[in-house]
Asker: 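The following block contains the structure, expressed as structure tokens.
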Amino acid sequence: MTLNFGRVAYAYDRTRYHPPEVSGRIATAIIAPVEDRFREPVFLELGVGTGRVGVPIIARGHKFVGVDVSPAMLEVMRYKIAGVARKVRLVEADARSLPFAKDSFHAVIGVHLWHLIPDWQRALLEALRVLAPGGMLYEGWDVSTGPSEDWNIQERWRELLAEMGYELKRGAHTRRLDEVERALEQLGLEPQTQAVAEWVEERTPRQTMEILEERLYSYTWQVPPEVFRPSIERLWAWVQETYPDLDQPYPIPWKFMLRSTRLP
Ligand code: SAM
């Protein structure tokens, strides 16, 4: 089973915003090593979503194929690339069973994806199958790099849920990244991780609450509605007591991490 992003597609970019210069840096980090080796590289992004990472690659004129299981996420991306979509194909498909021939792509990209696929090994093998010799596998993720009010509010929610007898599970993404790294190493590959961009986002307590309340983060989907609603009411009460001005922005420091693996 895969999680369904259809409900959050139109709000997704609000939760994971990249400033334009950050998008540019990520695109450069992905494109440059591929251009070094291949004259007209073709990029594939798995779980392309709304095109946060893909659109800047497309904007530089590259051939690009985006795959996602969610038609709603692809639809948001289609709006963004209207007019520049000449070299682009968006395909509704599952990363575990790709409708492409062996060696079709010079780079395969997956950002915030592996933890959403329980049998991720299948998707990883598919990614490696469609990648040409010498091609690059890229895995990317955003990570907040320091304490923030956003984190404090989410932590308070976790505590309130615990008081109500519900254990909120977080950290699936990091654990999965470790598993994938080990799998790549066992295949004799040498993944290299680097931070390719840093930025500071401004978010208000009200925005943090809206993102939680609308369940935009997939880790919140596990909480059953009968627990979710009262827990959020209690969290609102705490937030209103704790933050005198709900619209006063606070900073969240972010980094974008890119793990790059070159095929022999
Ligand atoms: N990569 C985009 C980004 O970073 O903005 C979107 C990330 S979003 C957290 C995960 C995306 O992966 C969603 O659009 C979801 O529909 C898609 N997805 C989940 N499981 C998938 C699968 N098995 N095959 C293809 N796409 C999948």
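All values below were derived from every heavy atom in this structure, side-chain atoms included, with hydrogens, water molecules and symmetry-related copies excluded. Only a predicted model underlies this, so the values are computations on that prediction, with no experimental measurement involved. Order of listing sets the numbers, starting from 1, for every ligand and every atom in it. Position 1 is the first residue of the sequence, and the numbers go up from there.
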Asker: With atom 18 (N) of ligand 1 as the reference point, say which of Asp142, Val69, Val67, Asp94 has the nearest heavy atom.
Answerer: Val69
Asker: Which value, rounded to the nearest 0.5 Å, describes the distance between Leu98 atom CG and Glu126 atom CD?
Answerer: 4.5 Å
Asker: Give the atoms of ligand 1, by number and element, whose distance to some non-hydrogen atom of Gly49 is under 4.0 Å.
Answerer: 6 (C), 14 (O)
Asker: May I ask you to say whether Asp36 pairs ionically with Arg262, meaning some side-chain N is under 4.0 Å from a carboxylate O?
Answerer: no
Asker: When you look for heavy atoms under 4.0 Å from ligand 1, do you find them on the side chain of Arg16, its backbone, both, or neither?
Answerer: neither
Asker: Just distances here: any N/O of Val53 and N/O of ligand 1 closer than 3.5 Å?
Answerer: no
Asker: Without swapping roles, check the side chain of Ser104 against the backbone of Ala101 for a donor-acceptor pair under 3.5 Å.
Answerer: yes
Asker: May I ask you to say whether Glu179 pairs ionically with Arg176, meaning some side-chain N is under 4.0 Å from a carboxylate O?
Answerer: yes
Asker: How many angstroms lie between atom CG of Leu263 and atom NE2 of His106, to the nearest 0.5 angstrom?
Answerer: 11.5 Å
Asker: Once you restrict to heavy atoms under 4.0 Å, what part of Leu46 touches ligand 1? Side chain, backbone, both or neither.
Answerer: neither
Asker: Under a 3.5 Å threshold, yes or no: a donor from one side chain and an acceptor from the other, between Asp247 and Thr204?
Answerer: no
Asker: In this structure, does ligand 1 have an atom that sits under 4.0 Å from one of the heavy atoms of Gly51?
Answerer: no
Asker: Which ligand 1 atoms, with their elements, are less than 4.0 angstrom from a heavy-atom of Glu45?
Answerer: 1 (N)
Asker: Which of these, Glu181, Glu190, Glu185, sits in a salt bridge (charged side-chain N to carboxylate O under 4.0 Å, His left out) with Arg259?
Answerer: Glu181
Asker: Which one holds for Ala123 and ligand 1: side chain close, backbone close, both close, or neither close, with close meaning a heavy atom under 4.0 Å?
Answerer: neither
Asker: For the 3.5 Å polar cut-off, considering only N or O atoms, please tell me whether Arg52 and ligand 1 meet it.
Answerer: yes
Asker: Does Ile117 reach ligand 1 with a nitrogen or oxygen that is under 3.5 Å from one of the ligand's nitrogen or oxygen atoms?
Answerer: no
Asker: May I ask whether Leu116 places a heavy atom under 4.0 Å from ligand 1?
Answerer: yes
Asker: Just jot down the ligand 1 atoms closer than 4.0 angstrom to any heavy atom of Met73, in number order.
Answerer: 14 (O)
Asker: Examine distances only and state if a side-chain atom of Arg25 and a backbone atom of Phe256 form a donor-acceptor pair shorter than 3.5 Å.
Answerer: no
Asker: For Glu21 and Trp199, does a side-chain donor sit closer than 3.5 Å to a side-chain acceptor?
Answerer: no
Asker: Using a plain distance cutoff, I'd like to know if Asp68 has any nitrogen or oxygen under 3.5 Å from a nitrogen or oxygen of ligand 1.
Answerer: yes
